[in-house]
Protein chains: 2
Amino acid sequence: MTEPHDILFRTLADPTRRALFERLCREGEKTVGALTAKAGVSQPVVSKHLSLLKQAGLVRDRHEGRQTHYSAQLDALAPLVDWTGRMTRFWEARFDDLENLLRRMDQ
Amino acid sequence: MTEPHDILFRTLADPTRRALFERLCREGEKTVGALTAKAGVSQPVVSKHLSLLKQAGLVRDRHEGRQTHYSAQLDALAPLVDWTGRMTRFWEARFDDLENLLRRMDQ
DNA sequence: TTTTTATATAGCTGGATGGCTATGGGTTCG
DNA sequence: CGAACCCATAGCCATCCAGCTATATAAAAA
């Protein structure tokens, strides 16, 4: 019952965590320290969020000496795009049916 | 700080709630009773979830006698689509910069 | 080696929330 | 009218989780 988009919705639902992901998308690779500086929460909290983002496949980490660099893994958003696309197509399919019905009623 | 996509992520993060929205997208308008029958949770829980979906603009309700019909409001997903699009464009912009850099280095 | 720096982990706590049952409000049926 | 029905609300409880501080781990610097 656990679809691929499920973990994405859950992970991106938290504003702090989503803001971290957005910064990585906008500004590219960043260290934990750099992210913490403007995150508005403590460093352990940032680390925890990055860990969850990594679990969801939304970020990668790269170790360099004593610092860890994180970067967005954008293709991880694909299941989200697919899901919204599917929902839209369901809607359109039912709309087409309605159109057909109306067309038949017209004759 | 509360962006339009924020409430969508939060609302769709819950699997039960998202399943209700999916059913409304797939199968069109449904009464609370019909939704409850296959939701796996009690009727009050379904009502509560529908209320939150409505607050998020994801569904509409239509009262008819003693029953309430709910239907998906699909254009409400637009901020979600916009957000994923923006993230993707940030990524591509940085990728283009990298390409330019490599091109300059090549010369 | 000792100290400082960078990040991760452990443990705690308050607040948010999803589930339940019980009940209220309103509608249709007998 | 009263009974049955549909849905929403109220109130409660357990669980989850985002935040904190303290500490462990590990690397660079002194």
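Protein chains get the first letters and strands the later ones, always in sequence-line order, with residue 1 at the start of each.
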Looking at B:Thr36 and B:Ser42, what are the two nearest heavy atoms and their distance?
-> CG2-C, 4.2 Å
Ignoring hydrogens and angles, state whether a donor on the side chain of B:Gln43 or B:Ser47 is under 3.5 Å from an acceptor on the partner side chain.
-> yes
Expected list for residues 56-64 of chain A: side-chain donor-acceptor pairs under 3.5 angstrom, two or more places apart:
residue, atom, partner, partner atom, Å
A:Asp61, OD1, A:Lys54, NZ, 3.4
A:Asp61, OD2, A:Lys54, NZ, 3.0
A:Arg62, NE, A:Glu29, OE2, 2.9
A:Arg62, NH1, A:Glu64, OE1, 2.9
A:Arg62, NH2, A:Glu29, OE1, 2.6
A:Arg62, NH2, A:Glu29, OE2, 3.4
A:Arg62, NH2, A:Glu64, OE1, 3.4
A:His63, ND1, A:Thr68, OG1, 3.3
A:Glu64, OE1, A:His69, NE2, 3.3

Taking C-beta and beyond as the side chain, do A:Phe90 and B:Glu27 meet within less than 4.5 Å on heavy atoms?
-> no
Axis-to-axis angle across the helix from C:dT1-D:dA30 to C:dG30-D:dC1, five pairs each end, nearest 10 degrees, ~ 10°
Are any of the side-chain heavy atoms of B:Leu74 and A:Met87 separated by less than 4.5 Å?
-> yes
Do the side chains of B:Leu24 and B:Ser71 get nearer than 4.5 Å, heavy atoms only?
-> no
Beyond-backbone contact of B:Phe9 with B:Leu80, side-chain heavy atoms, under 4.5 angstrom = yes
Interatomic distance, A:Gln55 CD vs D:dA18 P [rounded to whole Å] = 12 Å
What is the nucleic acid contact for B:Ser51, judged by heavy atoms within less than 4.0 Å: base, sugar-phosphate only, or nothing?
-> nothing
Minimum side-chain heavy-atom gap A:Leu52-A:Arg17 below 4.5 Å | yes
Can you name the residues that form a side chain to side chain contact (heavy atoms under 4.5 Å, CB included) with A:Arg10, not counting sequence neighbours?
-> A:Asp6, A:Ile7
Nearest-Å distance, CG (A:Leu52) to C1' (D:dC17)?
-> 10 Å
Modelled atom types, side-chain donor and acceptor of B:Ser51 and B:Gln55, under 3.5 Å = no
Interface limits on DNA chain C, where chain B has a heavy atom under 4.0 Å of a nucleotide atom | C:dG18 to C:dT28
How many Å lie between CZ on A:Arg18 and C1' on D:dC17, as a whole number?
-> 16 Å
Can you tell if the side chain of B:Arg23 reaches within under 4.5 Å of the side chain of B:Lys38, non-hydrogen atoms only?
-> yes
Decide whether B:Trp83 and B:Glu3 meet the rule of one side-chain donor and one side-chain acceptor closer than 3.5 Å.
-> no
Strand contacts (DNA chain D) in residues 35-48 of chain B, 4.0 angstrom heavy-atom criterion | B:Gln43, B:Pro44, B:Ser47
To the nearest angstrom, the CZ-C1' distance between B:Arg10 and D:dC16 comes to 16 Å
Of B:Thr31 and A:Arg17, the one whose nearest nucleotide on DNA chain D sits closer to the 5' end is B:Thr31
Are any non-hydrogen side-chain atoms of A:Glu22 and B:Arg86 less than 4.5 angstrom apart?
-> no
Strictly below 4.0 Å, heavy-atom distances to any atom of DNA chain D: list the hits from residues 63-72 of chain A, or just say none.
-> A:Gly65, A:Arg66
Here the distance between atom P of D:dC7 and atom CZ of B:Arg62, to the nearest Å, is 12 Å
